[in-house]
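Counting from 1, the numbers follow the sequence of the chain as shown.
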Amino acid sequence: FRLVQLTPGVLNAPSANGQFGDVDYETAGVDSSRQTDAYSGQLAVDAVLDGGGQIVEPDGTNSINNSGTVIRRGSGTTTINSLPFNNQAAGTVRIEEGTLDLPVGSLISGTWERPGGSLNLRNGTFTVPAEAVFVENTLSIAGNGTLNVTASRTFGTLTVDGSTLGGAGNVTVTGSFNWNGGTLASGGKLVVAGTGIIAGTSTKGIDRVIEVSGSLTYNGSNLFFNLFGGVNGRIDVLTGGFLTFDGDGDVSHWNGGSN
């Protein structure tokens with residue numbers, strides 16, 4: 001593979017499962033490197049996503065498949081529309097800055113490095129397989145998608161901002177847990193072993209067990225148990241753990257159940 005730098009603009013995938021030839025990714029007079037390793041509507045790349053811009057699928061069945069290294073660099077958001085971004089088992093995604101915005105159907109496998117920036121999940125359910133590797137043990141998810149963790153995992157830092165965290169696996173956070181909005185769906189436990197903060201005015205739903213062995217502070221608002229019904233949310237403060245209510249945010253029981 002060759003290394004390809006994508007500057008802000010729009011890369012249009014071919015329609016009707018077409019053939020990629022040489023692809024220029026350019027806008028406002030900026031011409032980046034060229035990529036030729038693509039076929040049958042699939043773009044297989046080592047790439048640097050530098051700045052904002054979109055990658056768009058107008059028609060057909062297309063995909064971006066990474067078995068090399070994809071780097072998200074620079075401010076802004078790189079949005080991949082309609083076609084899935086598949087990080088294969090041998091692939092590495094490194095989000096240095098900004099946001100990488102992925103559509104439903106994308107594969108969250110391989111290796112994910114996040115020294116900065118965040119991963120935005122859009123319009124559906126994403127699954128983290130057991131073999132996926134998060135190098136810095138950090139995960140930051142935003143958007144209106146759902147991330148299902150299938151096996152128990154430990155993160156040094158976890159940020160949930162508008163997304164849903166679900167799946168049967170227990171998620172343990174040993175450092176900073178930051179929850180600004182979204183839902184902790186039923187499934188495994190969320191274990192706050194470090195320092196957690198529930199902040200902001202966005203709606204937050206507790207539909208799973210939060211186990212606090214470290215410290216958890218609630219200084220936001222709009223915190224609801226059993227937000228979507230049919231599940232039971234719970235906060236268990238263990239021996240030596242701390243739960244602090246800081247400010248005037250309320251805690252509400254939204255639907256029936258044992259919470």
Side-chain angles (χ1 to χ4, degrees), residues 99-106 108 112 114 118-129 132 134 138-155 157-173 175-237 241 243-247 249-259:
T99 300
L100 178 61
D101 186 284
L102 300 182
V104 65
S106 296
I108 313 295
W112 295 78
R114 184 195 162 269
S118 64
L119 178 64
N120 196 71
L121 306 178
R122 192 172 69 254
N123 298 336
T125 299
F126 301 73
T127 299
V128 177
F134 294 86
T138 64
L139 179 63
S140 177
I141 56 174
N144 57 359
T146 297
L147 183 68
N148 284 332
V149 179
T150 59
S152 295
R153 288 188 172 273
T154 298
F155 295 102
T157 301
L158 174 64
T159 300
V160 180
D161 191 358
S163 296
T164 296
L165 178 67
N170 292 335
V171 176
T172 299
V173 184
S176 299
F177 169 61
N178 303 293
W179 187 18
N180 304 311
T183 302
L184 305 179
S186 60
K189 298 178 181 179
L190 173 68
V191 180
V192 181
T195 302
I197 297 178
I198 305 174
T201 60
S202 297
T203 299
K204 293 166 280 289
I206 300 177
D207 292 344
R208 67 164 53 194
V209 173
I210 300 178
E211 196 172 86
V212 182
S213 58
S215 66
L216 181 62
T217 299
Y218 174 41
N219 60 13
S221 60
N222 292 316
L223 182 62
F224 298 94
F225 283 80
N226 204 348
L227 186 60
F228 293 104
V231 293
N232 297 314
R234 195 172 79 234
I235 297 178
D236 290 338
V237 183
L243 176 61
T244 303
F245 295 93
D246 183 2
D250 296 327
V251 178
S252 302
H253 181 99
W254 189 256
N255 285 289
S258 300
N259 301 282

For residues 213-231, the salt bridge (Lys or Arg N to Asp or Glu O under 4.0 Å) pairs (sequence neighbours left out) are none
In short, G143 meets S163 closest at the heavy-atom pair O-OG, 3.0 Å
Hits for ring-ring contact (aromatic ring centres under 6.0 Å, His included) against F155, two or more places apart or cross-chain, chain-then-number order -> F134
Residues N180 and S202: closest non-hydrogen pair is O-CB, 3.5 Å
Smallest heavy-atom separation, S213 atom then A193 atom, equals OG-CA, 3.4 Å
Taking every heavy atom of T127 against every heavy atom of P129, the minimum-distance pair comes out as O-CD, 3.3 Å
Separation between CG (N178) and OG1 (T157), nearest 0.5 Å, reads 7.5 Å
Rounded to the nearest 0.5 angstrom, the CG-CG distance for L184 and L227 is 10.5 Å
Sequence neighbours excluded, the answer for ring-ring contact (aromatic ring centres under 6.0 Å, His included) partners of F224 is W254
Output for pair (W112 CH2, T138 OG1), nearest 0.5 Å, gives 12.0 Å
Taken to the nearest 0.5 Å, the spacing of F245 CZ from T217 OG1 works out to 10.0 Å
Rounded to the nearest 0.5 Å, the OG atom of S252 sits from the CG atom of N222 at a distance of 8.0 Å
When rounded to the nearest 0.5 Å, the distance separating CG of L147 from CD1 of I141 is 5.0 Å
For S140 and S118 the tightest heavy-atom approach is OG-CB, 3.4 Å
Residue pairs meeting salt bridge (Lys or Arg N to Asp or Glu O under 4.0 Å), one or both in residues 218-235, sequence neighbours left out, come to R234-D236
For S106, the side-chain contact (heavy atoms from CB on, under 4.5 Å) test, sequence neighbours excluded, returns P84, F85, L102, P103, F126
Hits for side chain to side chain donor-acceptor pair (under 3.5 Å) against S215, two or more places apart or cross-chain, chain-then-number order -> none
From the list V231, N232, I206, side-chain contact (heavy atoms from CB on, under 4.5 Å) with F225 holds only for I206
Looking only at heavy atoms, the pair that brings Y218 and L223 closest together is OH-CB, 3.4 Å
Per side-chain contact (heavy atoms from CB on, under 4.5 Å), T172 is matched among V192, V191, L190, L158 by V191
Residues 184-211 vs salt bridge (Lys or Arg N to Asp or Glu O under 4.0 Å), sequence neighbours excluded, gives K189-E211
Residue pairs passing the side chain to side chain donor-acceptor pair (under 3.5 Å) test with at least one member in residues 142-154, sequence neighbours excluded, are N123-N144
